[in-house]
There are 2 protein chains.
Amino acid sequence: MAGARRRGEELEDALLTAAWAELLEVGYPRLTMENVAARAGTSKPVIYRRWPTRPKLVIAALAHNLPLEEADIDTGSLRGDLIELVGRGIRRYRGVPGDTLPGLITETFRDPEVFAELRSRLRQGEVVELVRPTLTRAVARGELLTDQCGDRVLRLPFDLLRSETLVYGVMVDDPTITAIIDDIVLPVIHTHCGTPASRAQTDIRPAPERDSRG
Amino acid sequence: MAGARRRGEELEDALLTAAWAELLEVGYPRLTMENVAARAGTSKPVIYRRWPTRPKLVIAALAHNLPLEEADIDTGSLRGDLIELVGRGIRRYRGVPGDTLPGLITETFRDPEVFAELRSRLRQGEVVELVRPTLTRAVARGELLTDQCGDRVLRLPFDLLRSETLVYGVMVDDPTITAIIDDIVLPVIHTHCGTPASRAQTDIRPAPERDSRG
DNA sequence: AAGAGAAGATACGCTCCGTTTCTTAATTGC
DNA sequence: GCAATTAAGAAACGGAGCGTATCTTCTCTT
């Protein structure tokens with residue numbers, strides 16, 4: 001109709017925005033290339049000239065709409081830093097339907113390359129590489145004796161987050177984050193990284209645990 | 001060809017066995033109703049007369065080929081019990097390709113009823129309801145002060161297991177199980193359920209952690 | 001002004017789901 | 001033992017959706 005024919009970045013933005021909107025509206029399993037094209041006011045070949053498959057389009061849409069957080073956290077305490085860190089990780093995905101990520105993971109299992117890309121993006125999104133610096137700062141504050149601990153300990157907060165979001169398809173709220181940090185993560189960190197005895201009492205609180213799931 | 005036409009349970013077994021074999025051989029995303037029928041030496045309508053959708057067929061195949069474990073664990077120590085418990089949970093899925101369960105989860109997100117069924121089956125498979133009795137036995141032995149702790153603590157071993165299997169698509173081996181129990185689960189349990197001081201030194205071992213993933 | 005390159009529309013082949021139709025064998029009831 | 005019912009098995013179909021091919025038309029470059 002309109003002679004105005006978009007090109008380059010403008011068109012690409014429109015496509016990724018359309019894909020994102022489609023993702024939020026109908027969810028991953030029902031997102032079709034046809035509908036994304038229609039929503040962007042164009043047609044399928046335009047999409048396929050940029051992204052060879054559906055998963056890759058969706059990954060691009062995720063990257064386009066979930067900018068990386070910056071790593072500037074220092075709340076003054078280990079506990080505060082962890083809560084903030086995990087909170088950022090989860091807030092990054094607010095608005096993403098519960099089935100989007102599992103859907104992507106599945107679909108991309110067919111294509112190892114795409115899967116690797118998604119996985120690394122998940123890891124980035126979860127800023128797991130920021131946990132170690134957090135521990136290092138805690139050591140500097142005198143909250144911990146060392147920041148030396150295994151990868152599994154560092155991954156722990158985000159692994160638990162995934163159990164809530166990916167497996168159960170539930171969006172995590174703030175009390176849940178606090179519970180995860182207080183009831184699970186901090187005890188493990190203190191076990192591995194040591195705790196000056198006098199602080200142990202106030203930092204660890206094995207309080208009656210809330211559970212946000214049914 | 002052969003006039004021998006199967007019926008009832010014999011036919012159903014053949015179908016579920018075929019579905020299972022197909023699952024192991026080509027994985028969930030490439031399992032087709034056509035191929036399952038062909039492998040069972042029959043045709044699609046025979047399947048559809050029993051299971052209305054692909055996910056429901058696969059769930060039936062899982063149920064048919066993954067019998068529930070019996071709950072008879074007592075190795076004499078909390079640590080041993082937990083390792084055995086988690087080991088059984090994971091051994092139950094040995095032979096199940098890494099993409100099967102995420103695939104199912106995705107596909108069944110469309111159908112809440114099927115999803116609920118799968119989820120409850122996962123929970124059964126993970127015998128999470130056996131963790132509390134394990135703690136109770138530990139209290140009886142004098143290893144713990146109490147068995148009172150929140151659901152999230154009870155779920156912890158299996159949530160971590162899922163991070164390895166579902167998210168990363170990796171099969172968990174015995175050293176990994178041991179590491180999960182020693183480095184994460186036991187510290188948390190001891191934090192929440194107390195530890196007689198004299199035993200704390202021998203039970204908790206924040207050893208250099210192994211990591212089975214790349 | 002001319003040509004390259006990409007946009008956009010349309011249609012196609014393919015796969016696979018779930019259904020329909022029809023024939024034929026097995027089971028049940030008399 | 002024989003009809004009547006039920007279900008097996010074969011084949012084909014409609015529909016959705018992916019990814020591709022073809023062709024026209026616009027826009028940008030030179």
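Each chain gets a letter, A, B and so on, in the order the sequences are listed, and its residues count up from 1. In this text the structure is predicted, and so the values were computed from the model without any measurement.
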What does nucleotides 14-21 of chain D look like as a protein-contact string, B for base, S for sugar-phosphate only, - for none, at under 4.0 angstrom between heavy atoms? ---SBBBB
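- Counting only heavy atoms from C-beta outward, the side chains of Y48(A) and L57(A) never approach each other to under 4.5 Å.
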Got a list of protein N/O to nucleotides 4-6 of chain C N/O distances below 3.5 Å?
from, atom 1, to, atom 2, distance (Å)
dG5(C), N2, R7(A), NH2, 2.9

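- Using a 4.0 Å cut-off between charged side-chain N and carboxylate O, R7(B) and E12(B) make no salt bridge.
- Pairing each heavy atom of C193(B) with each of Q148(B), the nearest pair is SG-O, 4.2 Å.
- We find that D182(B) and R79(B) are joined by a salt bridge, their nearest charged nitrogen and carboxylate oxygen being less than 4.0 Å apart.
- The only member of L161(A), I83(A), L186(A), V86(A) that meets side chain to side chain contact (heavy atoms under 4.5 Å, CB included) when paired with I180(A) is L161(A).
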Please report the C-alpha distance between T134(A) and D81(A) in whole Å, then the side-chain angles of each, then the deciding distance to 0.1 Å, and finally whether the side-chain hydrogen bond (donor to acceptor under 3.5 Å, both in side chains) criterion is met. CA-CA 7 Å; T134(A) 300; D81(A) 281 6; 5.0 Å; no
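- Residue-to-nucleotide contacts include no donor-acceptor pair under 3.5 Å from the side chain of T42(B) to the base of dA8(D).
- Nucleotide dG18(C) holds its C1' atom 13 Å from the CG atom of L57(B), rounded to whole Å.
- When side chains are defined from C-beta on, I189(A) counts as touching L82(A), because their heavy atoms get closer than 4.5 Å.
- The interatomic distance linking E10(A) (CD) with dA7(C) (P) rounds to 12 Å, in whole Å.
- Annotation: side chain of V36(A) is not in contact with side chain of K44(A) (no heavy-atom distance under 4.5 Å).
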